[in-house]
Q: 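Sharing a structure with you now.
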Amino acid sequence: MSISASVLNFDLKKTAVSNRLKGLWRMMSGFRWHYLGATLSLGVAALAKTSTYLLLSYFVDHYFGNGTRPVALPLIALGFVGLAMVEGGFSFLSGRLTAQTAEGITRRLRNYLFDHIQHLTYTYHDKTQTGELIQRCTSDVDAVRRFFADQAIGVGRIILLFTINFVAILNLHPRLGLVSIIAVPFVVVTSAFFFRRVSKAYQAFQEQDAILTTTLQENLSGVRVVKAFARQAFEKEKFERENWEKFLRGKKLTRMHSLFWPASDILCGAQLMVGYIVGALMVIHGEITIGTFLAYLGLVGWIIWPMRNLGRLIVQTSTGMVSFGRVSDIIKQEREPLDEGETLPAADLRGELTFENVGFHYEEGSPVLQEISFHCRPGQAVALLGSTGSGKTTLVNLLPRFYEYTSGRILLDGVELKRYSRRYLRQQIGIVEQEPFLFSRTIKENITYGVGRDVPQAEIEAAAKAAAIHDVILAFPDGYDTLVGEKGVTLSGGQKQRVAIARTLLKNPRILILDDSTSSVDTETEAEIRDALDTLMRNRTTFIIAHRIQSIMNADLILVLDKGRVVQRGVHEELVAQDGIYRQIYEIQTRIEAELEKEITNAS
Ligand code: GTP
Ligand code: MG
């Protein structure tokens, strides 16, 4: 089924309303005509089925009852065949339409979720477990699909079958009609009773399912840690515990279902029985003919079927609604607006930065950065030094607006940072993260990831050379086309960092941030990268976070952070002259290096 672009681009945000049925109805937007078509086809099929029983009644009464035989036998036979064909054809059409429509709605939902999740804020992703998101995007989305494939069309089917057959029976005899619906109120009450209980049981089951998925996902990501600490038994027990809980909740859910079905079956069975007895008595008393009774026997089954399914529908709808609610929770989340703000032409950005009393906290009440003030001119290099957890990464993460500072202000070229759009900032700022992530693609694709266009090989190689990774790449059998990750080569920590540096350099950003980017490379390679970076850092504002004084001593401004505050500032010479953390670190590092050198000279 081809779906037009406008239908695919329907903003599913509109479905995240508190009334879930309303949300589901909106989710059908663009597909309602398909459902109407499917329902009409069902109607035609139902009419054909009902007509079959009426034809049967006519046939029996005229051929065996009074023997008048007004229509030739072959014509009646043709009638039966024709009706069967109409019924089969339209049932098929309706089933096909519904299945395709449900797939279409689900496809749109999946695409939307994927895109939406990518646009959610850092804060949301910090707080949300990956396994939980995966479970909602798979298991819950599938329950929503089932709703659209079965339950959404089920309402139409039930109403149609019930009405058509009820009217047909009423026509046969009014009393038969009334007798055949006495169980309806009871079925509705029983279903409503189970609806809430199944909802709750299913919600609990899905929540536990999400926990299990998270456990599995976390274990797979951290399998090396598990092995390194030989904690397999502990992890196994943890998994078994969660799995047992899922089993218990699943059992409860099944028990709800298994109580519901017999209850509704007893009701429907009783209904059928009463109908048969009343009908048989009416034949005996000559109130209806045998043919009428036969037709009734067939038709009444098609009243019971919708009644029984009404219960099933109500109960199953509850699971669809619970899953839809879980998916809605994601859709409801506000996206991080990428394009809000002013966009300056790239050439205009000079890269002058001013921090004025900037403060930031992740959680209210526990400040991570406090009263940070400094100024750096375009093209200068700012170094951040400080113990672990002092707020260095947090500080640089404010620049691309991954997080918004909570007090003070940051000016970029004299304009407050909040006025620039996030997209623009992220285009202008290149960040080599502390723990870079590479995709399971080729090295070349990883390096060109940030530019999104075809890049001449020479440019890629220049970036790789600057990051001191070119020779390493050439040593791989497939060179730049070597696959990284699970299906390809496993890069060492230092190699990964250098590919990430190349990726950022290729982007040619105005502002470059290196967050501890040489922590996993040896001193020699670091010096090599530093030399290459020296040329690259010219004309661009650079932030360097490093633990080795060697890496930052040439910076134009060094900020020493402690517990989120700047405790020392200046250039290297000034700082070593001061009594403080900087000199302590410097002395320890030079002493260690001197001792090492001595040992090496002694050894050779
Ligand atoms: P190293 O990289 O280890 O050298 O530390 P850092 O100076 O880069 O510290 P970072 O900025 O990462 O963290 C500063 C403080 O913020 C620490 O106390 C962290 O526990 C805290 N923190 C970091 N990220 C988050 C987060 O996403 N949420 C919350 N609530 N706290 C965070
Ligand atoms: Mg850090």
Side-chain angles (χ1 to χ4, degrees), residues 117-133 214 218 221 225 333-334 336 353 355 357-374 381-408 410 417 422 426 429-437 493-494 496-498 500-501 504 511-521 526 542-553 555 557-569 575 580-582 584-586 588-589:
I117 288 171
Q118 297 200 93
H119 280 91
L120 294 180
T121 60
Y122 262 65
T123 314
Y124 179 79
H125 284 292
D126 287 344
K127 287 191 175 140
T128 314
Q129 284 168 315
T130 314
E132 171 90 36
L133 282 178
T214 305
E218 217 173 46
S221 310
V225 182
Q333 297 299 324
E334 280 303 323
E336 176 189 60
L353 271 163
F355 275 59
N357 285 320
V358 174
F360 175 77
H361 57 75
Y362 290 103
E363 312 285 344
E364 199 80 46
S366 46
V368 175
L369 295 175
Q370 292 182 72
E371 293 166 40
I372 308 278
S373 297
F374 67 89
V382 179
L384 299 174
L385 187 83
S387 56
T388 168
S390 55
K392 306 180 294 293
T393 302
T394 306
L395 192 150
V396 292
N397 276 348
L398 297 180
L399 294 174
R401 291 184 67 190
F402 291 155
Y403 301 93
E404 301 291 328
Y405 44 95
T406 41
S407 62
I410 301 176
L417 203 65
R422 289 177 178 81
R426 289 169 200 183
I429 300 173
I431 183 160
V432 181
E433 299 196 18
Q434 197 164 5
E435 287 155 22
F437 177 85
K496 246 192 229 169
Q497 278 191 332
R498 282 178 279 161
I501 294 177
T504 303
I511 298 175
L512 179 65
I513 298 171
L514 303 165
D515 188 353
D516 224 357
S517 306
T518 49
S519 61
S520 304
V521 300
E526 192 191 354
T542 314
F543 280 80
I544 314 167
I545 299 175
H547 287 109
R548 280 184 211 135
I549 300 265
Q550 276 282 330
S551 327
I552 58 167
M553 56 193 289
L557 174 66
I558 300 171
L559 301 172
V560 182
L561 286 185
D562 187 37
K563 299 194 190 86
R565 288 177 188 274
V566 178
V567 289
Q568 277 186 292
R569 67 177 71 219
L575 290 172
I581 303 178
Y582 190 87
Q584 284 169 13
I585 300 174
Y586 180 67
I588 294 170
Q589 289 187 0

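Both counts, for ligands and for their atoms, begin at 1 and track the order of listing. We number each residue from 1, following the sequence as shown.
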Q: Over all heavy atoms of both residues, which pair between S551 and A546 is shortest? Give the atoms and the distance, please.
A: CB-CB, 3.9 Å
Q: Counting N and O atoms only, with roles assigned by atom type, does the side chain of K496 sit under 3.5 Å from a partner on the main chain of P436, one being a donor and the other an acceptor?
A: no
Q: Are there protein heavy-atom neighbours of atom 19 (C) of ligand 1 below 4.0 Å?
A: no
Q: Is the shortest side-chain N to carboxylate O distance from R422 to E404 below 4.0 Å?
A: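 Here R422 pairs with E404 in a salt bridge, since their nearest N and O are under 4.0 Å apart.
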Q: Could you check T393, V396, I544, I552 and say which one makes a side chain to side chain contact (heavy atoms under 4.5 Å, CB included) with L384?
A: V396
Q: Going by side chain to side chain contact (heavy atoms under 4.5 Å, CB included), name the residues that satisfy it together with Q568, two or more places apart in sequence or in a different chain.
A: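 By the side chain to side chain contact (heavy atoms under 4.5 Å, CB included) rule, Q568 matches V560, L575, Q578, I581, Y582.
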Q: Is the shortest N/O to N/O distance between G389 and ligand 1 below 3.5 Å?
A: yes
Q: I need the atoms of ligand 1 closer than 4.0 Å to a non-hydrogen atom of T394, numbered in the order shown.
A: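 Result: 10 (P), 11 (O), 13 (O), 14 (C).
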Q: Under 6.0 Å between ring centres, would you say that holds for F360 and Y362?
A: yes
Q: What atoms of ligand 1 come closer than 4.0 angstrom to any heavy atom of D126?
A: 27 (O)
Q: Which of the numbered atoms in ligand 1 are under 4.0 angstrom from any heavy atom belonging to Q434?
A: 1 (P), 2 (O)
Q: Distance under 4.0 Å to a non-hydrogen atom of G391: what atoms of ligand 1 satisfy this?
A: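 Selected atoms, number and element: 6 (P), 7 (O), 9 (O), 11 (O), 14 (C).
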Q: Could you check atom 3 (O) of ligand 1 against the protein and tell me its nearest heavy-atom contact, residue, atom and distance included?
A: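 Protein heavy atom with the smallest distance to atom 3 (O) of ligand 1: T388 OG1, 2.6 Å.
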Q: If every non-hydrogen atom of S387 is compared with every non-hydrogen atom of D562, which pair is closest and at what distance?
A: OG-OD1, 4.2 Å
Q: Roughly how far apart are E433 CD and N397 CG, rounded to 0.5 Å?
A: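 If we round to the nearest 0.5 Å, E433:CD and N397:CG are 7.0 Å apart.
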Q: Tell me the protein heavy atom at minimum distance from atom 12 (O) of ligand 1, and give that distance in Å.
A: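 It is T393 CB, 3.7 Å.
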Q: Specify the closest pair of heavy atoms between E132 and T214, including all atoms of both residues, with the distance to one decimal.
A: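 Minimum heavy-atom separation between E132 and T214: N-OG1, 3.2 Å.
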Q: Verify side chain to side chain contact (heavy atoms under 4.5 Å, CB included) between D516 and H547, making sure each step is shown before the conclusion.
A: CA-CA 7 Å; D516 224 357; H547 287 109; 3.3 Å; yes
Q: Measure the acute angle between the ring planes of Y403 and Y122, then classify it against the limits of 30° and 60° as parallel, tilted or perpendicular.
A: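 It falls in the perpendicular class, over 60°.
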Q: How close do I372 and L395 get, counting heavy atoms only, and between which atoms?
A: CG2-CD1, 3.9 Å
Q: May I ask which of F402, Y403, Y362 has a heavy atom nearer to atom 26 (C) of ligand 1 than the others do?
A: Y362
Q: Please tell me if atom 7 (O) of ligand 1 is touched by the protein, where touching means a protein heavy-atom distance below 4.0 Å.
A: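 Given the 4.0 Å cut-off, atom 7 (O) of ligand 1 counts as touching protein heavy atoms.
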Q: Indicate, as side chain, backbone, both or neither, the part of K392 found under 4.0 angstrom from ligand 1 when only non-hydrogen atoms are considered.
A: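 It is both backbone and side chain that touch ligand 1.
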Q: Pull out every atom of ligand 1 sitting under 4.0 Å from any heavy atom of V368, numbered as shown with elements.
A: 14 (C), 15 (C), 16 (O)
Q: Under 2.8 Å from the Mg ion (ligand 2), which protein atoms of type N, O or S occur, listed by chain and number?
A: T393 OG1, Q434 OE1
